[in-house]
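Remarks on the structure that follows.
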Amino acid sequence: MNVRRRHISAVALTAVAALGFGTLTACSSDSAAAGDTGSFDVVASFYPMAFLAERIGGEHVHVTSLTQPGQEPHDLEISARQTAQLEEADAALYLKGLQPSVDEAIGQSPIATKIDAAELTTLEEHGTEAGHADEHGDEHAHEDEHGHDHEGGDPHIWLDPVRYAEVAEGVGKAFQKADPDHAADYRKNTAALVKDLKALDEKFRTGLANRTTDVFVTTHAAFGYLAERYGLTEEAISGLDPDTEPSGARVKELQKIAKEDGVTTVFYETLVSDKTAKTLAGDTGLRTDVLDPVEGITDHSRGEDYFQVMEANLTALRTALGAR
């Protein structure tokens, strides 16, 4: 457990007090400070939460993300400016267990509406199942890779469109309660988003229906819910930092899996190094491709929003799994 990431430093809190809240600007593409926009101000922890807030809130909300485009969300350290931002906001939307510093900051803030997406659906453990232990006995890829664990279960719920829709419905209800003047619009926007997510689920179901293998290999064990939803098996390179080459034992194991299960591709993601994936692919004669956990949208993303990137993921999976 990386204790350093779980607490806001005393220096940061002192800086907030010294600077005062009113002069701090929101740390986002918007220049308006949270709390001063005349809208329902929502601070979201990272992209999947910000996307929900924007789609559900529409014109009535001002959304600011604590995690900037291209920033690895697990590594976020809350700044003094962002702490002040939380003080001024009307609501915070986050996913407890993914970003410890965010959990701590929101827990300490006086913000009236705190929406934890993890409480709006069911979380499951995917750490051990997502990848086999390597020669050192490390089993939980996410715990080892980012220096903290997810005691409440795997947090990557947004990669399952069905669970993400459940979260959307809960967020919609929270917005309606917190800002009743615009409840009708929030209800309408939520219904439209849920409909789109159900359509995405159907695209995955039909798109992956006729495939030659169920197994896919990733460097980041983020796709447990997606694999479970569509009857797939994720093999993650577990117990390894993204910049560390896989162990000899794990490479041999994956070579065997690739041969037995017809694996063609090692997937990597856009926000971390592709070194591990390319090393493994070179050792096993496989190709590499991107499977994006949609933790943030950048110029390198295969799409401009959640739906476009998820459809790009579906295309990549169809190719890798031999879907017809």
Side-chain angles (χ1 to χ4, degrees), residues 40 42-58 60-61 63 65 67 73 91-99 102-103 106 113-127 129-130 142 150-179 182-208 221-232 234 292-297 305-311 313-314 317:
F40 182 60
V42 180
V43 173
S45 56
F46 73 131
Y47 176 74
M49 300 298 102
F51 181 74
L52 288 181
E54 289 169 353
R55 282 291 303 264
I56 293 168
H60 304 304
V61 301
V63 181
S65 179
T67 308
L93 175 56
Y94 69 117
L95 181 55
K96 190 173 183 180
L98 185 76
Q99 299 170 288
V102 172
D103 298 348
I106 291 175
T113 300
K114 301 176 182 180
I115 310 168
D116 176 10
E119 295 183 349
L120 302 176
T121 186
T122 54
L123 269 62
E124 298 178 6
E125 294 289 348
H126 289 134
E129 295 83 9
H142 224 62
H150 303 298
E151 295 173 0
D154 181 356
H156 299 88
I157 49 179
W158 66 93
L159 292 169
D160 173 359
V162 177
R163 276 189 168 83
Y164 199 37
E166 292 174 352
V167 174
E169 290 177 335
V171 172
K173 290 176 182 176
F175 280 18
Q176 292 165 42
K177 182 178 179 180
D179 184 22
H182 302 116
D185 285 344
Y186 296 148
R187 194 176 300 110
K188 177 183 177 182
N189 293 344
T190 301
L193 176 56
V194 168
K195 182 179 179 181
D196 289 345
L197 288 168
K198 287 182 177 178
L200 179 64
D201 171 52
E202 184 60 28
K203 286 181 180 180
F204 268 83
R205 287 187 184 281
T206 57
L208 297 173
F223 299 91
Y225 290 112
L226 184 147
E228 182 181 80
R229 178 66 59 189
Y230 305 110
L232 307 178
E234 176 186 49
D292 196 326
V294 206
E295 294 178 343
I297 301 293
D305 66 10
Y306 170 84
F307 284 104
Q308 291 182 10
V309 176
M310 284 295 285
E311 291 194 16
N313 281 344
L314 173 58
L317 279 170

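This one's a predicted model, so the numbers in the text were calculated from it and none came from an experiment.
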Legend entry - Polar side-chain atom of Tyr225 near backbone of Asp154 as donor-acceptor pair, under 3.5 Å: yes

Inset, instruction - First locate atom NE2 of His156, then atom CG of Leu95, and finally report the distance between them rounded to the nearest 0.5 Å. - result: 8.5 Å

Inset, instruction - Determine whether Tyr94 and Asp116 make a side-chain contact, defined as any pair of heavy atoms from C-beta on separated by less than 4.5 Å. - result: yes

Legend entry - Pairwise side-chain contact, Phe204 with Leu317, heavy-atom cut-off 4.5 Å (strictly under): yes

Legend entry - Note, Leu120 side chain near Arg163 side chain (heavy atom, < 4.5 Å): no

Inset, instruction - Please report the closest heavy-atom contact between Ile157 and Ala117, naming both atoms and the distance. - result: CD1-O, 4.0 Å

Inset, instruction - Take atom NZ of Lys173 as the centre, draw a 6.0 Å sphere, and report whether it contains more than 12 heavy atoms from other residues, nucleotides or ligands. - result: no

Legend entry - Flag, side chain of Lys203 to backbone of Glu311, donor-acceptor distance under 3.5 Å: no

Inset, instruction - Examine distances only and state if a side-chain atom of Thr67 and a backbone atom of Ser45 form a donor-acceptor pair shorter than 3.5 Å. - result: yes

Legend entry - Sub-4.5 Å side-chain heavy-atom contact between Arg55 and Phe307: yes

Legend entry - Whether Glu228 side chain and Gly224 backbone form a donor-acceptor pair below 3.5 Å: no

Legend entry - Val63 backbone acceptor or donor facing Glu54 side chain under 3.5 Å: no

Inset, instruction - First locate atom CG of Asp185, then atom CZ of Arg187, and finally report the distance between them rounded to the nearest 0.5 Å. - result: 9.5 Å

Legend entry - Validation row: Lys96, Leu123 side chains within 4.5 angstrom (heavy atoms): no

Legend entry - Distance-only donor-acceptor check, side chains His60 and Asp179, under 3.5 Å: no

Inset, instruction - Please name the pair of heavy atoms, one in Asp103 and one in Gly97, separated by the smallest distance, quoted to 0.1 Å. - result: OD2-N, 2.9 Å

Inset, instruction - Locate the shortest heavy-atom distance separating Val61 from Ala53; write the atom from each residue and the value. - result: CG2-O, 3.6 Å

Inset, instruction - Mind checking the CZ-OG1 spacing from Phe175 to Thr113? Nearest 0.5 Å is all I need. - result: 9.0 Å

Legend entry - Tyr186 side-chain N/O to Ala174 backbone N/O, donor-acceptor pair under 3.5 Å: no

Inset, instruction - Mind listing the closest non-hydrogen atom pair of Ala44 and Met49 along with its distance? - result: CB-C, 3.8 Å

Legend entry - Minimum-distance pair of heavy atoms, taken over all atoms of Ala168 and Leu52: CB-CD2, 3.9 Å

Inset, instruction - May I ask you to decide if Ala227's main-chain N or O and Glu234's side chain share a donor-acceptor pair within less than 3.5 Å? - result: no

Legend entry - Met310 CE to Asp305 CG distance, which is reported to the nearest 0.5 Å: 11.5 Å

Inset, instruction - Please examine the side chains of Tyr306 and Leu197, heavy atoms only from C-beta on, and report whether any two atoms are closer than 4.5 Å. - result: yes

Inset, instruction - Decide side-chain contact (heavy atoms from CB on, under 4.5 Å) for Leu159 and Val294; before the verdict, give the C-alpha distance in whole Å, the side-chain angles of both, and the deciding distance to 0.1 Å. - result: CA-CA 8 Å; Leu159 292 169; Val294 206; 3.9 Å; yes

Inset, instruction - Check for a donor-acceptor pair, side chain of Trp158 on one end and backbone N or O of Pro293 on the other, with a separation under 3.5 Å. - result: yes

Legend entry - Student check: side-chain heavy atoms of Phe46 and Gln99 closer than 4.5 Å: yes

Inset, instruction - Mind listing the closest non-hydrogen atom pair of Phe40 and Ala178 along with its distance? - result: CZ-CB, 3.7 Å

Inset, instruction - Would you check if Arg205 and Arg229 make a side-chain contact, meaning some heavy-atom pair closer than 4.5 Å? - result: yes

Legend entry - N/O donor-acceptor pair under 3.5 Å between Asp292 side chain and Asn313 backbone: no

Inset, instruction - Please check if any side-chain donor atom of Tyr230 sits under 3.5 Å from a side-chain acceptor atom of Asp201, or the reverse. - result: yes

